[in-house]
Structure formats: structure tokens, C-alpha cells
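Just so we're clear, the structure is a prediction, and the values are computed from it rather than from any experiment.
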Amino acid sequence: MSENAKVRNIMEQQVTLGIKGMTCAACATRIEKNLSKIDGVSKANVNLASEKATVSFNPTQTSVEQLMGSVKKTGYEVREEKTTLAITGMTCAACATRIEKGIKKVDGVINANVNLANEKANIEYSPGKTNVDQLIAAVKKAGYGAKVAGDANADREKEAREKEYKTQRNKFLLGTLLSIWFLPQMISDLQVQYGFNVGFQYHLNPWIQFLLATPVQFYVGGHFYKDAYNALRGGSANMATLVALGTSAAYFYSLVVTITGANTGLYFEAAAIIITLIILGKLLEVRAKGQTSDAIKNLMGLQAKTARVIRDGEEKDIPIEEVAVDDVIFVRAGEKIPVDGEIVEGSSTIDESMLTGESLPVSKNIGDSVIGATVNKHGSFKFKATKVGKDTALAQIIKLVEEAQGSKAPIQKLADKISGVFVPIVIVIAFVTFGITYFLVGFTPALISAVAVLVIACPCALGLATPTAVMVGTGKGAESGVLIKGAEHLESAHRVTTVVLDKTGTITKGEPEVTDIITTKNFQEDELLRLAGSAERGSEHPLGESIVNRAKEKGISLSDPAVFNAIPGHGIEVKVDDKKIHIGNKRLMQKQSIVFESLINQMDELEGQGKTAMLMAVDGELAGLIAVADTVKETSAEAIAQLKGMGIEVAMITGDNRRTAEAIAKQVGVDRVLAEVLPEDKSAEVEKLKQQGKVVAMVGDGINDAPALAAAHIGIAIGTGTDVAIEAADVTLMRGDLMGIVDTIRLSKATMRKIKQNLFWAFAYNTILIPVAAIGLLNPVLAGAAMAFSSVSVVTNTLFLRRWKPVRAV
């Protein structure tokens, strides 16, 4: 990467804007194109399902104001947020005025009202330009205290969806009340078109039809005109354009006929019933779309509302927003842990299943970390807060899932391209249909066929097919302890043909123990262990830690190393008590010209048992051998068996010698072993597999294996609840076992299956029914009903993905 590219990456910012007014995929595509044209914008994703635009941009080249301006110029609105802050410290009206002025100075604040009587500030703001933290900071800068009032800002998105649902419901009820009088007439007309007999003829007076249809056309369906105008003003056309054109043609034709008294058919009922049915479709769609983001709501609901903080020697229950780093918090049995921290007094067992997916409670003692939102099962304890607010593990997870749900899968590109030109093409088809039918049959059939073409076309289904599935898929993953960073990784995982597993900490527990100590005749076991333990005190490697732990268990006093030099892939070189110590593998001994052949047989025997044998030399003389064993995780063999059962090749990569590596591989059923691989060479091994045409998933601890994780098609990090954002990985397994790999691939396959089903339905629906409507075989009312339920069927199909469940080892 060039220096300029690095600078751009460092400077780049990301903003998420809520968008109002989108009705179909064409809207999202148009907004995305216009945002992408702005200088400084490197990436723009517009998600129709979540109604959000996520934009990466360079703030030196553009600004949030310009991004919002582009959205508005395209014909849409940027959703504004509201929040209520509880203010403390006000004594008079001058205080309220001062705070109000301070808040209004914050860039992005649209309006602010501070009420002295109830000590609250009601604020409207643009979320892309400011946030609640900045608003609170502005109040504090003015010399007062502030916090979010209750749950005023807890779930604005849910409130917005509920408001939209109520609006659509009220319009639908009014539309139904007015349109129901047309049903007998519609049935009467259908028997003429399709040649069946219901035994009656029914026609309302034309002026009564006009009175019933007009409120439906311009009030119930009024937003279609507004949306169509906004789209056209922005240089595009969308679903609202099609509905407005189709129903207006039927309505105004009928109005002219009514005024002139011409003896020909009226189509007021078609316009009214079409609009009512489409409103019903949107009503069901809003409800279904709200269910696709249940994972975020569930995660938010996990958080505790208050914390019992010990301040000035007293216990105080305070809102979780007021907890600060280094606060000491007391937690009783059965209570939720409010924030992340470290136990300073007491012990307990913690249920971490809601975050890690691990069903068994975890024992915690002094010095152990605890995760906010997990449940204290038994004992009470005190812990010191280390991460609060947006820095907690739960907040990071929610942010990661939100970003993943807002991302765009590669498979969506085709739908985006089609939706960008879909509406104009449909309008052209409608005009061509009208022209041909007019010359061959006459005006009325031509009008009916053109209206049917306009209202049968549904770009919504195309636009919702992929993002709704991505939202549900990434959400289900998060609920199961599988954090997927983006839609592209969710899509790629189902194509994996080879999984490469790191050994230590991935297949094994990463908590090795010393099993054997063999000394040469010039050294005693305790002295060897003392020197080895002292040498390894500066090491962070699990093998080194096991030696230090054994020395401490035996009560051996350790010295501080004077010089510590880690030699990757070989071992360590350390100076302890003026003695030069070397601990490592055969390569290290050979490099230092140390003779070690006398211990070769014992070394081979131990390695054959799956133990890691380390040679040790003191002042250039072989001193002995220390063997360490790392136990295999309980689920490793079962997970590898399931991967192989899915037709996936499984390989193990390790820096250990081949004999030890093959012994571990045999235990868990791995057939291919890449042994004695230096850390810097792991990525090269991954590249070799890729060059063989394999789709590679690399699984490691996310630290030592970072280059290999980045090199693979999919990098999967074995993580923990407190480390959820490993930069090199595309997927983080919070549960820490290999069953998460199986879950990742299964979830990817299930999500892709839904996406393909949705896209097939969306394409098939439009491909088949538009020609049917064009040749006059589809009544406009039936076309409107089909159009209304096409997008509903796509979202409903996606919701079946919520039944997906992770596997558990037998």
C-alpha cells in the first residue's frame, strides 16, 4: 500500500444516514449512484430494507452536509433523530436559555427546547452530523449535567417503524371502507373479461363512484404522487411513479367519461382497489421488515438498565449511562453485569450464553474479566469497570452487526443494475402496449393493458431480496456467537472448499502444561526449571507460560531475565544470572552449534505422543529437555468430522515439528498437516492453496495468525467475548470452539439459499407477468393485488431464515 493510500485510509470517516421516501430498489440505486459521484466518497451502500445509507468519505474533500444535500437533491429526505436529555444544575430561566444556545451551536442540531420546569431538553438533530454524546458534552460545556432521559432514545428506529405502520394501517382502513362498495361491480366486470357467470350485473352511479374513488386516489394514495415527484425531481423513476401513472390513467379517464356522459366503461374501482391493495402490501411489508432486524433489538435488550456503584463507601444505584471507567460495581446473584470489567473481590459463575453462545456457566475469580450484559448465576462479587458505553463488548457487537446488516453482498450487483433501469423500461413497455393495442383493438382495452403493465411491475421485490436476507443472516449469526463483518463474507463462506486450522489455541485449548523434564548429567531438574522459568518470564507464548506456571507451582523462586530475545519459529535467547540460556527446537540448537543428539530418542518418543518437546542449553551446553502438552478442545474432532462430511478439506498448520503435529492431527481426524511453518510463512502456505484453485478459510487466534487470516478468502478468528473486533478477520467466533466454523458455513448456505429463492421469485414474477399484462390477459385490479404481495412474499420467505439454529457437538 502506498503512503498516500495509507493517509487516505487513516483520514477516512464513515457515516450512516437514515433515508426517508424510498419505495423500491430503483430509489436505493439512484441515491447510491449520486453519493458515489461526490469527490472524496470511496464507498456508498444504500440498504432498502433498513432504509439507511452507509458512506465512507474523506472529510478533507467532502462533508456530511454535502452527502445529505446529495440525498435531498435526489428527491429523498434524511431522517432526523430526536432525543430527550435530563438536565441537572438549572436554577432559573437564564440557565435554560444558556443550555439551549449551547446545544444549538452543535453542528447538526435542527431544534432544541430546554424546559426549566421538567428539567429536560428536547432536541432534534441529524444523526450523520452529531450524536447524543456530543449533545451531552455541549450541555456539560455550558456548566450543567446531562444524561439521556429514561429510554427516550432507546429505540427510535422501532418507534419510526411503528409510526409508519400506524399511518399505513389507517390509510388502508379508510381505503377499504371506500373501496369495498366497488367489489360487486369489480366481480361483475371480471365475469365479462374472463367469461364466467356469477348471475348478476352491478354498476354504481358514475358520480357515486367518483365520490368514493377521489379520497382514495388523492389521500390514501397521495404519497405516491409525492414520492413520484421527488424521484422525478432527482432524475429517476420508482415504484411510486408506476403506481401514480397507472392509477391516474384509470382515474382521470373515468372522470372524463363521467363528465362527458360517454357510454363507455369506468375504471374508478380499478384505481381505488389497486391503491388499497398496494397499501395493504406496504402495511404487511413494514411489519415484516421490522422483524428482520430483531437481532439488534434483542442485543440491545440484553443490557442492564442500572448499576450498583460503590462511591464514597456507599452503594448507589445509578443509570448505566453514568457508570465511569474505574468505578467499583457490586453484583448480586441473579443480576446482570452492567458493563465490562475485572473482578476485584469475590467469585462466581457467569452465564455468558447470550453473547458467546456457550451454554455452560464460566467460573470467575479475582483478576478474571467479566462482560457486560452477562448474568451472574451464583455468588456475589465486586468488579472494576474497564469499558463503558460504546466501548463495551456488547456495544461493539451491536455496532459490528449494524455495519454488517448495512453492507451489500456481491450477488446484489445484478439486481442493482436491473433495478436502475427497471422502471423506465416498464414505462416504455406500457406505452408500447398502449400503442399496439390501441391500433389493433381500441382505446379502452389499450388503456386497461397499459395500466396493468404499470401496476404489475414490482422493483421492490428485487430491492428487498438480498438485504433482508443479509440482515436476518448476520443477526442470527450474532445471536449464536458468530460475528460476520460484512455481507460479502457471509456470501463467500458457502463457497469454502478448504479450511486451514492453526493448532495452538484453535484445535487445542492453548493452555499447555509441562508433562516431562529430562536433564543431562550436569544439571538438576529444579535448577533446570528455575533457569527455564526465569528465561520464559518475558515470553507471552503459551508454551513459555506453562513452564513459568510449573516453576511457581513447585515454589521455585525465579530471577528476572537481563536480556530477552525471541527468535520466531525457533525459540528464545535469554540471559539469566549471567548465564546464556537457549530454549527452543532443533533448528535453534543447530543455529547455535549446540550438540543435542543425546536427547534425540527421548525427544522423538515424546513428540510421538503429541507433546511439544523443547531443548534447553546453558552457556552453549545442552542442559535438558522440557515437554509440554496442550489438550485438544472437546469439540474439535466433532467439528472437523462435520466439515469433512460437508465435503470440505481440512488442513492443520503449525510451527510444531511434524511428529507432534501429526499426533494431534490423528486425534482430531485432520488428514493434511503443514508442520514446522514459521509464523511469517503461514500466509505463503495459504497463498499456495489459493493458487491451486481452492477457496480457503483460515482459522486462527487473530494475533499471531493475522497475515494468514488476511491472505485467506475468509479469515476466521477464534475470539472471546471481550475481543470482538479482530481487524485481520472477516468472522469472529466468540464461543471459541470449531463448531462455529460449521455454523458459519451452514448459515452462509442457508442465507444464500434464501437470497437465490428471493431473486428467482422477483425475476420470475416480473418476467412472466409483465408480458401477460401487456397482451391484455390481466385485469388491473388483479395486477395490483399481485404487485402488492410480491414484495411481501419475498420478505416473508426471508423471515423463515429466523428458524435457523446453530449445531452443537454430539
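With sequence neighbours excluded, the residues forming a side-chain contact (heavy atoms from CB on, under 4.5 Å) with Asp560 are Arg537, listed by chain and number. Every residue was checked against the salt bridge (charged side-chain N to carboxylate O under 4.0 Å, His left out) condition with Asp681, not counting sequence neighbours, and none meets it. For Glu527, the salt bridge (charged side-chain N to carboxylate O under 4.0 Å, His left out) partners at least two apart in sequence or on another chain are Arg530. The side-chain contact (heavy atoms from CB on, under 4.5 Å) check on Ala697 picks up Val496, Val499, Ile714, Ile716, with sequence neighbours excluded. Looking at residues two or more places apart in sequence or on another chain, you find a side-chain contact (heavy atoms from CB on, under 4.5 Å) between Arg659 and Asp604, Glu607, Asn657. Looking at residues two or more places apart in sequence or on another chain, you find no side chain to side chain donor-acceptor pair (under 3.5 Å) involving Glu513. With sequence neighbours left out, the salt bridge (charged side-chain N to carboxylate O under 4.0 Å, His left out) criterion links Asp326 to no other residue. Residues passing the side chain to side chain donor-acceptor pair (under 3.5 Å) test with Lys503 are Asp656, sequence neighbours excluded. In terms of the side-chain contact (heavy atoms from CB on, under 4.5 Å) criterion, residue partners of Lys575 (sequence neighbours excluded) are, by chain and number, Ala562, Val563.
No donor-acceptor pair under 3.5 Å is formed between the side chain of Lys387 and the backbone N or O of Gly372. Between the side chain of Thr497 and the main chain of Val695, a donor-acceptor pair closer than 3.5 Å is present. Not a single donor-acceptor pair under 3.5 Å links the side chain of Ser748 to the backbone N or O of Thr744. Although no hydrogens or angles enter the test, the distance criterion places a donor-acceptor pair under 3.5 Å between the side chain of Lys364 and the main chain of Ser369. Looking only at distances, a side-chain donor or acceptor of Asn376 sits under 3.5 Å from a matching main-chain atom of Gly379. Between the His378 side chain and the Ser348 main chain, no donor and acceptor come within less than 3.5 Å of each other. A distance-only check finds no donor-acceptor pair linking the side chain of Thr732 to the backbone of Ala717 [under 3.5 Å].
Residues Thr386 and Gly341 share a closest heavy-atom pair of OG1-CA, 3.3 Å. Heavy-atom minimum distance, Ala393 versus Asp340: N-OD2, 2.7 Å. Smallest separation of non-hydrogen atoms from Gly700 and Thr506: CA-OG1, 3.6 Å. Residues Val514 and Ser546 share a closest heavy-atom pair of CG2-O, 3.6 Å.
The closest side-chain heavy-atom distance from Leu531 to Met616 is below 4.5 Å. Using a 4.5 Å cut-off on side-chain heavy atoms (C-beta onward), Ile640 and Leu501 make contact. For the pair Met698/Asp502, a side-chain contact is recorded, criterion being any heavy-atom separation below 4.5 Å from C-beta on.
Salt bridge absent: Glu685 and Lys682 never bring a charged side-chain N and a carboxylate O closer than 4.0 Å.
The number of heavy atoms from other shown groups lying within 6.0 Å of CD (Glu605) does not exceed 12. For CD of Gln524, the number of neighbouring non-hydrogen atoms (other residues, nucleotides, ligands) closer than 6.0 Å is 12 at most.
Screening residues 548-558 for side chain to side chain donor-acceptor pair (under 3.5 Å), with sequence neighbours left out, gives Asp526-Lys554. Residue pairs meeting the side chain to side chain donor-acceptor pair (under 3.5 Å) criterion with at least one partner in residues 661-677, sequence neighbours excluded, are Lys644-Asp671, Glu649-Arg672, Arg658-Glu662.
With hydrogens and angles left out, the side-chain atoms of Gln642 and Glu638 include a donor and acceptor closer than 3.5 Å. Between the side chains of Asp743 and Ser480, no donor-acceptor pair of N or O atoms lies under 3.5 Å.
In this structure, Asp630 CG and Thr515 OG1 are separated by 11.0 Å, a value rounded to the nearest 0.5 Å.
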Please list every donor-acceptor pair under 3.5 Å in which a side-chain atom of residues 617-629 meets a protein atom from a residue at least two apart or in another chain.
unit_1, atom_1, unit_2, atom_2, d
Asp619, OD1, Lys580, N, 2.8
Glu621, OE2, Asn522, ND2, 2.6

